Structure formats: C-alpha cells, structure tokens
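None of the values given here were measured: they were computed from a predicted structure. Side chains included, hydrogens not; waters and symmetry mates left out as well; all remaining heavy atoms used. Whatever order the structure lists them in is the order used to number ligands and atoms, beginning at 1.
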Amino acid sequence: MDKAREGDPRSVGRLVSLVEDESPLLPELMRALAPYAGHAHVIGLTGSPGVGKSTSTNALIGELRRRGRRVAVLAVDPSSPFSGGALLGDRIRMGDHVLDPGVFIRSMAARGHLGGLAWTTPQALRVLDGAGFDVVLVETVGVGQSEVEVAGQADTTIVLLAPGMGDGIQAAKAGILEIGDLYVVNKSDRDGADKVRRDLRSMLGLAERRDGAWRPPVLKTTASTGDGVVDVVDAIEEHGAWLRHSGELQRRRVRRARDEIETLALTTLRRRWGGVGEGDRLDELAAAVVAGEVDPHTAAAELVS
Ligand SMILES: Nc1nc2c(ncn2[C@@H]2O[C@H](COP(=O)(O)OP(=O)(O)OP(=O)(O)O)[C@@H](O)[C@H]2O)c(=O)[nH]1
C-alpha cells in the first residue's frame, strides 16, 4: 500500500488485481485509500475500433509526461471474460513508455460475476487515484453502451473520430454527441478530416447550451506523428479548470459516487439473498409470483427485509 502510494508499478498492479479478482480484501483497501481520493484528473477516451485510440494514448502520455504529469492508463475490456490477447493496454505497453516509472499501464477485464464494468472500473480508478497519479486515462475496447458507461466514470471525456468511417452518422447513433467534452478528429493527414470536423461542429452547434456551459472543442490530430496533440492536452487542462470553477467537477463526482454506492449496495443485497442467478431466493419468489401465490410488491419487500 505504501509502495503503491509511491507509484511502484508492481504494487499498484497487485492492488488493481484485487479489484479484478473481487478480493474479500477490497473493503479494507478502499478504506485505506479513502483519504487520498480526488487528486487524479480522470480522462475517458472512446472511439470506434481503428480510429487510433492506442496511438493517441501513446502520444497523449508523451505530452503529459513532458509536462511532468504522472500518468496511469486503464484499458477496460467489457466484452472479454478474461484479459489476454492484443488488448489495448498491451499494445500501448509495447510503445514508448515501458521503462518510464511515471507511467502505469494496465488492461483489465470485467470478468467478475458481480456486475462487470460498473462494479470494477470505479474501484480500479480509486486505486490509481490513491496511488497519486495526476492523470488517469480510461479507455474501453469495444463499442456501444460500454463506451457511454466509461464516459460516465470520467471527469473529461474525449471522443475520437477519424475520416472515412462514416463517423458523423455513427456519432449521432451512439449518442456520442451528448458524452464528449472534447472531440478529436484523428488521422487528419487523410482526406476528409476537415469534412468530419465541419459536420461534427455543425451537429454540436445545434445543441442548446446554457450560459457559462462548456462548449466542446473539435480538434484535429495525426496521432502517428504527434501533430495536434499539444492542443489536445491544452484543451484537457482547460476543461479541467472549467470543471473546477464551474462546480461541475463536484457534481460529476458526487453523481459517480452515488452510482458506486448504489452498485455496491445492490451487490450486498444480492449476496444476502443467496447469490446471483438460478436457484436463489429471487428465483423462488419469481416462481411464486408467476403462480399467483404472492404479489411482486410483497416479494420485493421480503427480498430486501
Ligand atoms: N494515417 C494515420 N494513421 C494512423 C493515425 N493514428 C493511428 N493510425 C493508424 O491506424 C491504425 C489503428 O490505430 P490504433 O491506434 O491501433 O487504433 P485503435 O483505435 O486503438 O484500434 P482498436 O483498439 O481496434 O479500437 C494503426 O495502423 C495506426 O498506425 C494517424 O493519425 N494517421
């Protein structure tokens, strides 16, 4: 724990494993970490496969390190039952930052039975925050709901797009226009980047925004050369400052803590009624409701009593 606080990668890694394995030691660990909460700027990075998430992460780490920040990357794979294969984190690890003690990179599978992503990600973020990282980048492998979910766990959400992927339509479909604090059109060395940027700007322009609200910038990068990455990190820092002085940081974090407590409370309840899934008390009550022996209100009251 002390070594993890100093950022020792092996110690931090072991603590993340406790989360991943749903260890019974977790409540104790979380108690020990509680006083250190709230330091890290949590950045969610999301985008369709192939837009350049790992390349961008690599470039972002580089720029953040130049600014003296300690950086952790948590690559969450909600689709895979176990970590392995060429997960995002592994690919980044193969990059430029392997030997840098100011960088910690970890892939995490949401393999547990307790509720996957919603259960594990916030606690892994607490570990990395408690370990004193200045910036924690969270990314998902996979698309759709999980991306929106991860965005909900971040202070700042970056949506990555690229030309030639029908991104305008994709963006609208995936509800991505609501979740981004920053939009980055990567692969701007390719044809069509300016069009993606224009389309996105006009779609975002249609959204109503209150006075003093954050207006998400739409930036351009070529992650493979590092072009534009300085502007992205500038925008991240501007958004961080806006979050703090607008009070939105507090609102977002309270909302997250609420979700976290609720998830843990539900887990506790589920454990109490005898586990999750077939043959538990819930199953028995459900059968009784179907048979007309009891009504659902009474069954629910019995379950939580
Ligand atoms: N031309 C060009 N290619 C890029 C750029 N950024 C990334 N690429 C390439 O795009 C491909 C995909 O990049 P990755 O970083 O692996 O993409 P990813 O989004 O992490 O991929 P998934 O994990 O599958 O979602 C790789 O071949 C990169 O070299 C860029 O700015 N310009």
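- The pair Arg258-Glu262 does not count as a salt bridge, with every side-chain nitrogen at least 4.0 angstrom from each carboxylate oxygen.
- Selection from Ser54, Gly50, Ser48 by nearest heavy atom to atom 21 (O) of ligand 1 gives Gly50.
- Close approach to Arg190 involves these atoms of ligand 1, each under 4.0 Å from a residue heavy atom: 1 (N).
- The residue among Thr46, Val51, Asp227, Thr55 with a heavy atom at the shortest distance from atom 28 (C) of ligand 1 is Thr55.
- A side-chain donor from one of Thr221 and Asn186 sits under 3.5 Å from a side-chain acceptor of the other.
- Close contacts of ligand 1 with Asn186, meaning ligand atoms under 4.0 Å from a residue heavy atom, involve 5 (C), 6 (N), 7 (C), 31 (O).
- In this structure, of Val185, Asp189, Val229, the residue bringing a heavy atom nearest to atom 32 (N) of ligand 1 is Asp189.
- Between the side chains of Thr298 and Asp295, at least one donor N or O lies within less than 3.5 Å of an accepting N or O.
- Between Glu139 and Thr46, the side chains place no donor N or O within less than 3.5 Å of an acceptor N or O (distance only, hydrogens not considered).
- For His39 and Asp134, the side-chain atoms include at least one donor-acceptor pair closer than 3.5 Å.
- Of the N and O atoms on the side chains of Ser188 and Thr222, at least one donor lies less than 3.5 Å from an acceptor on the other residue.
- Near Pro49, meaning under 4.0 Å from any of its heavy atoms, are these atoms of ligand 1: 22 (P), 24 (O), 25 (O).
- Checked against a 3.5 angstrom limit, the closest N/O atoms of Thr222 and ligand 1 fall outside it.
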